[in-house]
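Note that this is a predicted model, so its numbers are computed, not measured.
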Amino acid sequence: MKIGELSRATGANIETIRYYERIGLLPQPARTRANYRDYGDLHRARLTFVRHSRELGFTIEEIRSLLDLSDDPGRDCSEADRIASRHLAQVEEKIAQLTLLRNELTRIVGRCRGGAAADCRVIEALGDHRHCESAH
């Protein structure tokens, strides 16, 4: 299939496909006699894997490691578990940080009484971290 077909089949942008080729996440496809890239099922499956991994927030390097494991099916999967577990811990940390931010913003917005900007509690809180209840 041509790159446009691969793009439609996977939902990946054509430039993204080319980028993944350049950085080695996708193998270089064979070329047709007309010098078009000729992608196959392996490319589609690999690109689907990469896209799904990116949607879950994995970094390019984490995906590269996971693909290396995938390319050697006889290897122990403990490395994949370690990568995914570490990523999960990072996601949970981000959720905790976002929860603190949400709570602080909710509190700041709740203090708003309307009126002139000179008396605005939102502007006051943003201008002086001492008005915050948590470290965020």
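In this structure, the side chains of I60 and R54 come closer than 4.5 Å at one or more pairs of heavy atoms. Looking at heavy atoms from C-beta onward, Q90 lies out of side-chain contact with E93 at the 4.5 angstrom threshold.
The heavy-atom pair separating D38 from P29 by the smallest distance is O-CB, 3.5 Å. When all heavy atoms are compared, the tightest approach of H87 to G57 is CE1-O, 2.9 Å.
Electrostatic pairing of E5 and R8 does not count as a salt bridge here, judged by no charged N lying under 4.0 Å from a carboxylate O.
The side-chain hydrogen bond (donor to acceptor under 3.5 Å, both in side chains) analysis of residues 19-32, with sequence neighbours excluded, yields the pairs E21-R37, E21-Y39.
Between the OG atom of S7 and the CD atom of E15 there is a distance of 10.0 Å, given to the nearest 0.5 Å. Between the CZ atom of R51 and the OG1 atom of T10 there is a distance of 6.0 Å, given to the nearest 0.5 Å. Taken to the nearest 0.5 Å, the CD atom of E92 stands 11.5 Å off from the OG1 atom of T99. A distance of 4.0 Å separates CD1 of I17 from CG of L6, quoted to the nearest 0.5 Å. With values rounded to the nearest 0.5 angstrom, I95 atom CD1 is found 12.5 Å from L100 atom CG. A distance of 7.0 Å separates CZ of R46 from CG of L25, quoted to the nearest 0.5 Å.
The same ILVMFWY cluster, assembled from side-chain heavy atoms under 4.5 Å apart, contains both L56 and I83. By the criterion of side-chain heavy atoms lying less than 4.5 angstrom apart, applied directly or through intervening Ile, Leu, Val, Met, Phe, Trp or Tyr residues, L66 is not grouped with L88; the two fall into different hydrophobic clusters. I23 and V50 fall within a single hydrophobic cluster, where Ile, Leu, Val, Met, Phe, Trp and Tyr are joined by side-chain heavy atoms under 4.5 Å apart, directly or via other members.
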